[in-house]
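Order of the sequence lines sets the chain letters (A, B, ...), proteins ahead of strands, with each chain counted from 1.
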Amino acid sequence: MSVSVDRDQAFLDAVTRVADEFAAPNADAVDREARFPVEAIDALREERALSAFVPTELGGGGVSFEAIATGCFELGRRCGASAMVFAMHQIKAISVARHLDGAPWFEDYLRDLADEQRLIASVTSEIGTGGDMGRSVAAVTATETGACTFEKQAPTVSYGEHADDLLVTLRRAPDAEPSDQVMVVVRGEQRSLEQVSSWDPLGMRGTCSPGFVVRAEFAPEQVLPTPFPRVMSETMVPVTHILWSHLWLGIATDAFDRARAFVRAAAKQKPGETPPAALRLSHLMSELSLLRAEVGSALGEFVEICDEPGRERLSEMATALRFNNLKIAASEQAPKVCQGALAVCGIMGFKNDTPFSVGRHLRDTMSASLMIANERIHHTNASLLLIAKDV
Amino acid sequence: MTEQIRQIIADHGRLSVDASELAPDADLYHAGMTSHASVNVMLALEDHFDVEFPDRMLKRSVFESIAAIEAALNELRAETPVS
């Protein structure tokens, strides 16, 4: 066995244990109270899972991207909110790790992330951009003392108050175009958060994502040298869609498992008869397998081109279309599977306090089509399809 | 060819600056060209120069400046067999 395979296995054993022992028992309370999944995230810190993707030479775990994706799936099976916080953190850590390009401040930052298991949240969405991550209003603004500042109106910042640090997208300078963006990492002590809206949503309640006005003062070295559009196409967009879809698959898989347990219990009550719900379960299995196939193949395609040689292909429109399609397909299929599980379990699935409850699963996956709205992605795809050839 | 490219960018790029004053290596995206506008520039270039950009060329870096576009068009023309 290679070292990296051993590392991956150790990481997955640890994440699965955290999912079973910390995420699962608190999932209902996290959902009911719309509170941060502190038990699961603290346990992931204990396992040094927050720096799993950080290279070993910077003190991280050196775990593969496939293992990170599988970790999101395993957490998703036990608590959607815990999985989403973990996935979002990994998206930021992976974006920094893949694009720091030797920048000393960012290397030091990843060392600190590994040492102290620092949790990163992101401030990407902004009022006034129409939900387009590729545009910013707030800008890096130089002060007379040589420092930089910004003030950003963010409609949602997931777990912002619980994160140690923030990854923020901004215009390069006050006179830059909206699409001339850079990525900045600010540490907890450098920022202030002024909460401007509440958080009482239908699902993914434990992500704690109200709106904030975010202000910070930081050093110029904290601006990542790589332009943000490149980070977005080579890493942030595909990695986001892959990790999110893995955790949605995890939630849908648990809903399916609950439906299967319900059918088995019914079968045991009347031996010799196939319960009517068994047929619905069979239909549901094919829906789940479609989701699993799309999620799995997208991961494989990304891994094939994510490093040299081939990384250049991540910038191509055909690749953007591929991962946009993953997002649309998975975000629509996951709630469909959860709704099918509800149809299998009936009233026992509808009630929130039975072993077959799937209400949380359904509500959590209903957020999927809204997080980077599918209609916005269709709009982008419609434009790209005018010119892309082999898709 | 440079001037024809410049005119197509002026017509379809929706820049926030005057295209006639752009340096050949000036970043069009920094000059305000959005992803959506860049698709319209690509379509107009294909139409005007009677070429088809293959998928390997359909990426940001190929369309980020007048010089980059010109290089891509020259590469395509060099590849086209003379009939």
* To do: Search all heavy atoms of B:His36 against all heavy atoms of A:Ser383 and return the closest pair with its distance.
  => ND1-OG, 3.1 Å

* Asked: So which heavy atom on A:Ile387 is nearest to which on B:Val39, and how close?
  -> CG2-CG1, 4.1 Å

* Asked: Relative to chain B, which segment of A:Arg172 carries a heavy atom at a distance below 4.5 Å: side chain, backbone, both, or neither?
  -> side chain

* So what's closer than 4.5 Å to chain B heavy atoms on A:Ala388: side chain, backbone, both or neither? -> both

Heavy-atom count check: over 12 atoms from other residues, nucleotides or ligands less than 6.0 Å from [X] [atom1]?
{"X": "A:Glu304", "atom1": "CD", "value": "no"}
{"X": "A:His378", "atom1": "NE2", "value": "yes"}
{"X": "A:Arg322", "atom1": "CZ", "value": "yes"}

* To do: For chain A, find its close neighbours in residues 15-29 of chain B: heavy-atom separation under 4.5 Å, sorted by number, or none.
  => B:Ser16, B:Tyr29

* To do: Quick one: pull up CG in A:Leu386 and CG in B:Asn40 and give me the separation to the nearest 0.5 Å.
  => 7.5 Å

* **Atom pair OG/CZ of A:Ser315 and B:Arg60 - distance to nearest 0.5 Å** => 9.5 Å

* **Heavy-atom pairs under 4.5 Å with chain B, option from A:Glu316, A:Met317, A:Glu312 with the top count** => A:Glu316

* Among the listed options A:Ala176, A:Pro229, A:Ser179, A:Ser233, the residue most often paired with chain B at heavy-atom distances under 4.5 Å -> A:Pro229

* Asked: Which answer fits B:Met33, side chain, backbone, both or neither, if we ask what part of it has an atom under 4.5 Å from a heavy atom of chain A?
  -> backbone

* Asked: Less than 4.0 Å between a side-chain N and a carboxylate O, is that true for A:Lys389 and B:Glu46?
  -> yes

* Asked: Taking the side chain from B:Lys59 and the backbone from A:Arg313, do they hold a donor-acceptor pair closer than 3.5 Å?
  -> no

* **A:Asp180 side chain vs B:His30 backbone, donor-acceptor pair below 3.5 Å** => no

